[in-house]
Participant: 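Okay, here's the structure, questions in a sec.
Below, chain A is the first sequence line, B the second, and so on; all start at residue 1. Source: prediction; values computed, not measured. All heavy atoms count here, side chains included; hydrogens, waters and symmetry mates do not.
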There are 2 protein chains.
Amino acid sequence: MGIKELARHLNISIGTVSRALNGHPEVNAETRKRVLEAAAALGYAPDQAGRSLRQGTLNVVALPLSTDLSSKTDTMFFMELSRGIQDRLSEHGLDLVIHLNKPGLDMLDRVKRIVERRQADALILAETRDDDPRLDYLAGRSFPFATMGRSWSGGSHPWMDLDFDFAMRAAVDRLAGFGHRRIALVTGDPGYMLDTMLRDAYRRELTGHALAVDEELMIKADTHEEGGYQAMTRFLALDAPPTAVIFPHYRAVVGAYSCLAEAGLQPGRDIAILSCSADTTIAQFMAPPLTCFRIDLYSLGRRLAEALLAAMPRFAESYGGALVQEVWPWELVGRDSDGFLLR
Amino acid sequence: MGIKELARHLNISIGTVSRALNGHPEVNAETRKRVLEAAAALGYAPDQAGRSLRQGTLNVVALPLSTDLSSKTDTMFFMELSRGIQDRLSEHGLDLVIHLNKPGLDMLDRVKRIVERRQADALILAETRDDDPRLDYLAGRSFPFATMGRSWSGGSHPWMDLDFDFAMRAAVDRLAGFGHRRIALVTGDPGYMLDTMLRDAYRRELTGHALAVDEELMIKADTHEEGGYQAMTRFLALDAPPTAVIFPHYRAVVGAYSCLAEAGLQPGRDIAILSCSADTTIAQFMAPPLTCFRIDLYSLGRRLAEALLAAMPRFAESYGGALVQEVWPWELVGRDSDGFLLR
DNA sequence: CTCTATTCCGTAAACGTTTACGACGATAGC
DNA sequence: GCTATCGTCGTAAACGTTTACGGAATAGAG
């Protein structure tokens, strides 16, 4: 099953077998054919460990994800993104493997382990925080990586991100156009770039529309159903509840819908709900269907992979070697959850 | 950074360094302390490729998932399960890595590649089909693996599964107790064990309650929102629509709810909806909250990992080496989607 | 026929570990 | 003082690849 056995079976030296399999030019066409056929027949595939040891490359890109992902964030988002990444990487013979963090071991330690034990040639990071120590660590060791979501300083590493400024402008434009003047915003964990950017953009857009910024209408909540439920409960308890609420994540909207239903209120009639999350299948099947933003996550994943490839020495030449940092536009898809005119 | 450099830095032979790091007894306590301190200070971690090459083990368990998972099945389920698996494996120094299938390359090829290139010491398979060629392949090469979900024959490999017979009995008992006599069932892709078992159990339970089995009330649909929507549409078009519907997956229920809302019908009042999927956060926030089944997926994942460990030669002794195949009970959690008495 | 260039292939070293084997000094038993 | 035991450590081989180097055979040019 090893290359030695394969070579002995063919009466050829292992060097020639290796060259034949790896497409080197200095091997006879006839010999190559024999080798390839024998390899296929005997089910030979090169041992990753041996190959990796020799040429210092593993053909693996790692994507560490926190293990509480399921309870807090949008798994659909990552699945669709990963699909794009994987497809693009595999065109270069690279595999994407997802590492789940065991709790207790924090994200930095997990990244350190992957790097030090050489478990991957490159990394893709998601869920980056405002001051993420992983970025400095990787940059310091000049380990190739790319991130989903920009970091605070912009950084000198490749990333893809979504245009949240545009999203907030489109959201406020739309809601204000419907006549809303008390527009609320629910953000998540303040440690993440995403939420900071959303809050900044929110203030800016409200001011741009000559609307007062009421701190009561900006609250932080967990990004899942329970968080959305609690946030909406707090809003309804106000003396002057908002007439429209912008949610970052669709899962929070599910909680909000539930809260409203219990209060006898109907989204899209009694209160406007708009989500600046990526559109998911579930959004169009909610009752009423949810207004949110359309983005091609698959293509975004592919592009993120390209950004990473451009930062890997092995592939840099094919990609011009330029640093790829892109903010992706998206498109507001209006549905019934906020589509009504306020008298 | 290598063990050689570390050894030179300490004026010790590399053999001793290796023994110190790996906890062999024949090394002086003082020496071990020096080695460990130096390793920590210099950030040394053993190269996985070198170690793997030498001792033929990688400390990695692979979990291949199909890339269209996001569009078709329940990602929450796998995330929560994976969390349990990962936690348990890491107690033995093993890592769980998730391989996403690129489309085109089918599941068997992916598994073959992992085995032949020795990219993992063991496998965990999900989404197994009635006649899954991967099982025979792995068993034939006596490669350690475990599956989530039993296979048709039961097989001689370790697995965990859920008690769908119990679920269907509990479901029909409950619905019949509420007075329903036209109880429908929506199943998914007929290639999967799950759906076959559900259909068999459904017929059995209906007969047990002296209810006629109407083929019109058993339809196949995709397991996501769109499928649920279509299934419900077909039911409503019947001359005698069902008064209760059992759905396998909660995502399909979302589609069904949407369909009912458009028809002016309300689940839990005009029609009973019950899901025999695992309870998810979203289920209790649906309007009305969905009746489904509670299961501790995290613990199930841990147990699945143990079943696998027992089948790995390295760990078999610690686990008694017995074949672990378990059907897990779960608990019906009644909510409002079906909780009404039919007059 | 000789010299050179080309094509093809075998040899062996190297990658970073782990571990069987043997060696060394010290201690203990007689 | 000789041998046996024990604790500790160094040496070197081995894992499965890839690839630099050199060699043999062939072909082409003069």
Side-chain angles (χ1 to χ4, degrees), chain A residues 1-36 38-39 42-60 93 95 113-121 313-314, chain B residues 1-36 38-39 42-60 93 95 113-121 313-314:
Chain A
M1 42 191 71
I3 200 177
K4 267 186 294 198
E5 195 166 349
L6 181 59
R8 194 156 37 80
H9 185 263
L10 284 165
N11 272 338
I12 310 186
S13 80
I14 61 170
T16 303
V17 173
S18 174
R19 279 184 291 258
L21 291 172
N22 293 20
H24 289 224
E26 68 268 42
V27 53
N28 189 302
E30 165 67 19
T31 317
R32 161 165 296 128
K33 198 159 78 72
R34 281 182 53 217
V35 171
L36 291 179
L42 276 68
Y44 167 80
D47 182 294
Q48 275 297 353
R51 159 177 289 183
S52 157
L53 186 56
R54 170 60 214 235
Q55 52 186 21
T57 184
L58 210 49
N59 290 334
V60 160
D95 273 337
R113 225 168 60 145
I114 294 175
V115 171
E116 286 167 357
R117 306 171 82 143
R118 292 174 203 75
Q119 295 188 121
D121 302 330
R314 275 199 288 162
Chain B
M1 45 191 67
I3 199 176
K4 268 187 292 198
E5 196 166 348
L6 182 58
R8 194 155 37 79
H9 184 264
L10 284 165
N11 274 336
I12 311 185
S13 80
I14 60 169
T16 304
V17 173
S18 174
R19 279 185 290 257
L21 291 172
N22 292 20
H24 288 223
E26 68 268 43
V27 52
N28 188 303
E30 166 68 18
T31 318
R32 162 167 295 129
K33 197 158 79 72
R34 281 181 54 216
V35 172
L36 290 180
L42 275 67
Y44 167 81
D47 182 294
Q48 276 296 352
R51 157 178 291 182
S52 157
L53 185 55
R54 169 59 216 236
Q55 52 185 19
T57 183
L58 211 49
N59 291 333
V60 162
D95 274 338
R113 226 169 57 146
I114 293 174
V115 171
E116 287 169 355
R117 305 171 83 142
R118 293 172 201 78
Q119 295 187 121
D121 302 329
R314 275 200 286 162

Participant: So for the helix from C/dC1-D/dG30 to C/dC30-D/dG1, with five pairs setting each end axis, what is the inter-axis angle to 10°?
Facilitator: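 For the helix from C/dC1-D/dG30 to C/dC30-D/dG1, the axes at either end differ by 60°.
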Participant: Specify the separation, in whole Å, of atom CD of B/Q48 and atom C1' of C/dC15.
Facilitator: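 My rounded result for the distance is 15 Å.
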Participant: Decide yes or no for B/Q119 and A/D95: does some side-chain heavy atom of the first lie under 4.5 Å from some side-chain heavy atom of the second?
Facilitator: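 Counting from C-beta outward, B/Q119 and A/D95 do come under 4.5 Å.
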Participant: Taking atom C1' of C/dC15 as reference, at what distance in whole Å does atom CZ of A/R118 sit?
Facilitator: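 In whole Å, C/dC15 C1' lies 11 Å from A/R118 CZ.
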Participant: In whole angstrom, what separates A/I3's CD1 from D/dT19's C1'?
Facilitator: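 For the pair A/I3 CD1 and D/dT19 C1', the rounded distance is 12 Å.
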Participant: Answer with base, sugar-phosphate or nothing: what part of the nucleic acid does B/S52 contact at a heavy-atom distance below 4.0 Å?
Facilitator: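 Result for B/S52 = nothing.
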Participant: Could you check which residues of residues 8-16 of chain B get a heavy atom under 4.0 Å from DNA chain C? Sort them by number, please.
Facilitator: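 Those residues are B/I14, B/G15.
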Participant: With sequence neighbours left out, which residue pairs that include part of residues 10-20 of chain A fulfil the salt bridge (Lys or Arg N to Asp or Glu O under 4.0 Å) condition?
Facilitator: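 As it turns out, there is no salt bridge (Lys or Arg N to Asp or Glu O under 4.0 Å) pair with a partner in residues 10-20 of chain A once direct neighbours are skipped.
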Participant: Both B/Q55 and B/E26 contact DNA chain D. Taking the nearest nucleotide for each, which residue is further toward the 5' end?
Facilitator: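 It is B/E26, whose closest nucleotide lies nearer the 5' terminus.
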Participant: Of the nucleotides D/dT18, D/dC9, C/dT19, which has the atom closest to the B/R54 side chain?
Facilitator: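 Nearest listed nucleotide: C/dT19.
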Participant: Of the candidate nucleotides C/dG16, D/dT17, C/dC9, which contains the atom at the shortest distance from the side chain of B/D47?
Facilitator: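 Of all the options, the side chain of B/D47 is nearest to C/dG16.
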Participant: Under the rule for salt bridge (Lys or Arg N to Asp or Glu O under 4.0 Å), what residues qualify as partners of B/K33, not counting sequence neighbours?
Facilitator: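 Partners of B/K33 by the salt bridge (Lys or Arg N to Asp or Glu O under 4.0 Å) criterion, ordered by chain and then number, come out as B/E37.
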Participant: Closer than 3.5 angstrom, by distance alone: can the side chain of A/N22 be matched with the main-chain N or O of A/H24 as a donor-acceptor pair?
Facilitator: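 No, A/N22 side chain to A/H24 backbone: no donor-acceptor pair under 3.5 Å.
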Participant: Please state how far atom NE2 in B/H24 lies from atom P in C/dC21, giving the value in whole angstrom units.
Facilitator: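 To the nearest whole Å, that distance equals 15 Å.
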Participant: Do any side-chain atoms of residues 45-55 of chain A form donor-acceptor pairs under 3.5 angstrom with protein atoms, and if so which ones, sequence neighbours left out?
Facilitator:
unit_1, atom_1, unit_2, atom_2, d
A/D47, OD1, A/A49, N, 2.7
A/D47, OD1, A/G50, N, 3.0
A/D47, OD2, B/R118, NH1, 3.3

Participant: In whole angstroms, how far is the C1' atom of D/dA20 from the CG atom of A/N22?
Facilitator: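 Interatomic distance, CG of A/N22 to C1' of D/dA20: 15 Å.
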Participant: Who pairs with A/T16 by side-chain hydrogen bond (donor to acceptor under 3.5 Å, both in side chains), at least two apart in sequence or on another chain?
Facilitator: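 Scan of A/T16 (side-chain hydrogen bond (donor to acceptor under 3.5 Å, both in side chains), adjacent residues dropped) gives A/S13.
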Participant: Side chain of B/L53: nearest nucleotide among C/dG16, D/dC9, C/dT17?
Facilitator: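 So the side chain of B/L53 is nearest to C/dG16.
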Participant: Taking only residues two or more places apart in sequence or in another chain, which ones pass salt bridge (Lys or Arg N to Asp or Glu O under 4.0 Å) with B/R314?
Facilitator: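 Salt bridge (Lys or Arg N to Asp or Glu O under 4.0 Å) list for B/R314, sorted by chain: B/D121.
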Participant: In whole angstrom, what separates A/R19's CZ from D/dC21's C1'?
Facilitator: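 Whole-Å distance recorded here is 10 Å.
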Participant: OP1 or OP2 of C/dT7 versus the side-chain N and O atoms of A/N28: is any pair under 4.0 Å?
Facilitator: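 Checking C/dT7 against A/N28, no side-chain N or O comes under 4.0 Å of OP1 or OP2.
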Participant: Determine the minimum heavy-atom distance between B/L21 and B/A39, stating which atoms define it.
Facilitator: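 Distance-wise, the nearest heavy atoms are CD2-CB, 4.1 Å.
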